[in-house]
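The structure displayed is predicted, hence computed values, not measured ones. Lettering follows sequence order; numbering is per chain, from 1.
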There are 2 protein chains.
Amino acid sequence: MKLVNEMEHSEIVDTIRERVIESVSQNMYLYGVSPSIGRLYGTLFFNGKPMTLDDMKEELKMSKTSMSTSVRTLMELNMVERVWRKGIRKDLYEAQGDWYQIFTDFFSNQWRKVTAMNTKAVQQSLNELTQLMRNPELSETERELIQADMDKYRYIIDYYNWLNHLFDFLESDELFQIVKKKMDQGKSEPPADLGS
Amino acid sequence: MKLVNEMEHSEIVDTIRERVIESVSQNMYLYGVSPSIGRLYGTLFFNGKPMTLDDMKEELKMSKTSMSTSVRTLMELNMVERVWRKGIRKDLYEAQGDWYQIFTDFFSNQWRKVTAMNTKAVQQSLNELTQLMRNPELSETERELIQADMDKYRYIIDYYNWLNHLFDFLESDELFQIVKKKMDQGKSEPPADLGS
DNA sequence: TCGTTTATACAGTTCAAACTGTACAAACAG
DNA sequence: CTGTTTGTACAGTTTGAACTGTATAAACGA
């Protein structure tokens, strides 16, 4: 009496799939999203076909409002796209399946926003200190104190500048290829042509 | 009557500094830490000298317990180090000042943990489906369904593998140098030797 | 040994994020 | 135009994270 026969095959596949979805979603907090939103992305990713808000609500047993807001969040992160199918009035959503693209977009959207804002604030502060340094009444110890801060501000600006160039590199597809090449080099086999 | 004279110079410097700390801390949520913890890091970074829990408590007007737990969080992220000074009984903490290192460590610590756990879960699922595919009773449509999931699992494993190689690259210092070089190329001036 | 100082464990409180149900607005069918 | 369907704004509730004060453990000095 094999247990496997007592359960529908599709049920087994579903159980396995849910474990993966859970795993993916639990760790999607690195993208700054809640586990529920992660689970929604996983569901969309494995469903293959686009889903309506009602499909999601049904699948995850959650409110339609939650589905609406969650899917918006995912769209802002470029992880989900709205698609159109003729004859269907409801909005349809589909998972963006290219995880390399998602990774890249994340840095472009979130990190660049941060570096831009911070650079601006630090640059502003640097200007103000430069202005202050023109004051001839400053004692030598005061000058040194201000200089220490200015050095730090310059360091921060350099750092954010470096980050932005890293993101350029990441987006350029060049980095993708270099890492791919390094993966192949890591293998012990010579790069024999084994067909696509 | 110049306003600048009505305020101590050090006060002005402090005000400017606080703006920068606020800016840095507000955006440190990308590392998954709360604004308060970010502010603590910023305070330590600009203070230069190591601080005790009581110093921090005084500076940020928060409870000593918060300082204790926050500083632990920062240490786990390799953003703060405990240091020793002879003659001082209290624990001293100092900001890790190398932001490139912090960036790199973040991926090593957080992202690698995630990729390792997920890869394991997905590999397990892949094995189970492989096992299931041996069942001769499966219909053709069932096989196709399972195959679709298996393809996705393989894709995920490839992706995490690629990420890990990217992190290797990042840690190797090689990527750091390449991006540095690209920054210089971006400048319009030829690479004339302008001294250190 | 005892008294003192410092860091943290723990329980309680506060506050913000996540989620739900309802009520409304926009789009469409007739 | 009226009735229907779909998505979202909003208010209320629940849950968990952040923070505090107190109590305790660990380290040290005498």
Side-chain angles (χ1 to χ4, degrees), chain A residues 21-22 24-44 49-77 79-95 110, chain B residues 21-22 24-44 49-77 79-95 110:
Chain A
I21 290 179
E22 197 56 33
V24 169
S25 84
Q26 270 181 18
N27 300 128
M28 239 166 85
Y29 79 97
L30 284 173
Y31 286 117
V33 302
S34 69
S36 298
I37 297 182
R39 217 169 298 126
L40 175 60
Y41 174 81
T43 305
L44 283 162
K49 290 189 288 286
M51 296 174 82
T52 67
L53 291 181
D54 288 312
D55 293 338
M56 304 175 204
K57 163 193 155 124
E58 179 65 25
E59 184 71 27
L60 298 175
K61 305 291 180 204
M62 288 178 70
S63 73
K64 198 172 178 180
T65 305
S66 283
M67 298 301 95
S68 179
T69 57
S70 297
V71 98
R72 279 168 80 95
T73 306
L74 287 170
M75 280 179 66
E76 278 165 22
L77 287 164
M79 292 182 184
V80 157
E81 282 164 1
R82 186 185 272 135
V83 294
W84 298 97
R85 291 280 188 280
K86 55 185 174 187
I88 298 179
R89 278 179 51 186
K90 302 187 188 187
D91 292 358
L92 287 168
Y93 300 93
E94 190 173 43
Q110 310 291 305
Chain B
I21 291 179
E22 198 55 35
V24 169
S25 85
Q26 270 182 18
N27 299 127
M28 237 165 84
Y29 79 98
L30 284 172
Y31 286 119
V33 302
S34 67
S36 299
I37 297 182
R39 218 170 296 126
L40 176 61
Y41 174 80
T43 305
L44 283 162
K49 290 189 288 287
M51 297 174 82
T52 68
L53 292 181
D54 288 311
D55 292 338
M56 303 174 204
K57 163 194 154 123
E58 179 65 23
E59 184 72 26
L60 297 175
K61 306 288 180 205
M62 288 179 69
S63 74
K64 200 172 176 179
T65 305
S66 283
M67 297 303 93
S68 179
T69 56
S70 297
V71 98
R72 279 168 81 94
T73 305
L74 288 170
M75 281 179 64
E76 278 165 22
L77 288 164
M79 292 182 182
V80 157
E81 283 166 0
R82 186 186 271 136
V83 295
W84 298 98
R85 290 283 187 278
K86 55 185 172 185
I88 298 176
R89 279 178 53 185
K90 301 185 187 186
D91 291 358
L92 286 168
Y93 300 92
E94 191 173 42
Q110 312 291 304

Could you give the [atom1]-to-[atom2] distance, from [X] to [N], as a whole number of Å?
X     : N      : atom1 : atom2 : value
B:R72 : D:dA18 : CZ    : P     : 16 Å
A:L74 : C:dA18 : CG    : C1'   : 15 Å
B:R39 : D:dC19 : CZ    : P     : 8 Å
A:Y29 : D:dA17 : OH    : P     : 12 Å
B:M56 : C:dT6  : CE    : P     : 14 Å
B:K90 : D:dC28 : NZ    : C1'   : 14 Å
B:D54 : C:dT8  : CG    : C1'   : 13 Å
B:K57 : C:dT6  : NZ    : C1'   : 12 Å

Identify all side-chain donor-acceptor contacts of residues 30-40 of chain B below 3.5 Å with residues at least two apart in sequence or on another chain.
{"from": "B:Y31", "atom 1": "OH", "to": "A:Y159", "atom 2": "OH", "distance (Å)": "3.4"}
{"from": "B:R39", "atom 1": "NE", "to": "B:E22", "atom 2": "OE1", "distance (Å)": "3.3"}

Which residues satisfy the salt bridge (Lys or Arg N to Asp or Glu O under 4.0 Å) test with [X], sequence neighbours excluded?
X     : value
B:E59 : none
B:K61 : B:E58
B:K64 : B:D54

- Query: Taking the side chain of A:D91 as its heavy atoms from C-beta onward, which of D:dG7, C:dT8, C:dC19 lies nearest to it?
  - Reply: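 Closest of the options to the side chain of A:D91: D:dG7.
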
- Query: Taking atom CG of A:D55 and atom CG of A:L92, what is their separation to the nearest 0.5 Å?
  - Reply: 8.0 Å

- Rounded to the nearest 0.5 Å, the CE atom of B:M67 sits from the NZ atom of B:K57 at a distance of 10.0 Å

Extract from the structure each pairing of a protein N or O with an N or O of nucleotides 23-27 of chain D at less than 3.5 Å, listing the distance.
none

Show me the donor-acceptor pairs within less than 3.5 Å that the side chains of residues 79-87 of chain B make with the rest of the protein, sequence neighbours left out.
{"from": "B:R82", "atom 1": "NH2", "to": "B:Y93", "atom 2": "OH", "distance (Å)": "3.3"}

- Message: Please give me every residue in residues 60-68 of chain A whose heavy atoms get under 4.0 Å of an atom in DNA chain C, ordered by residue number.
- Response: A:M62, A:S63, A:T65, A:S66

- Query: Considering residues at least two apart in sequence or located in another chain, which fulfil the side chain to side chain donor-acceptor pair (under 3.5 Å) criterion with B:N27?
  - Reply: none

- Quick one: side chain to side chain contact (heavy atoms under 4.5 Å, CB included) partners of B:S63, sequence neighbours excluded?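 Testing B:S63 for side chain to side chain contact (heavy atoms under 4.5 Å, CB included), a comparison that skips the adjacent residues, returns B:T65, B:S66.
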
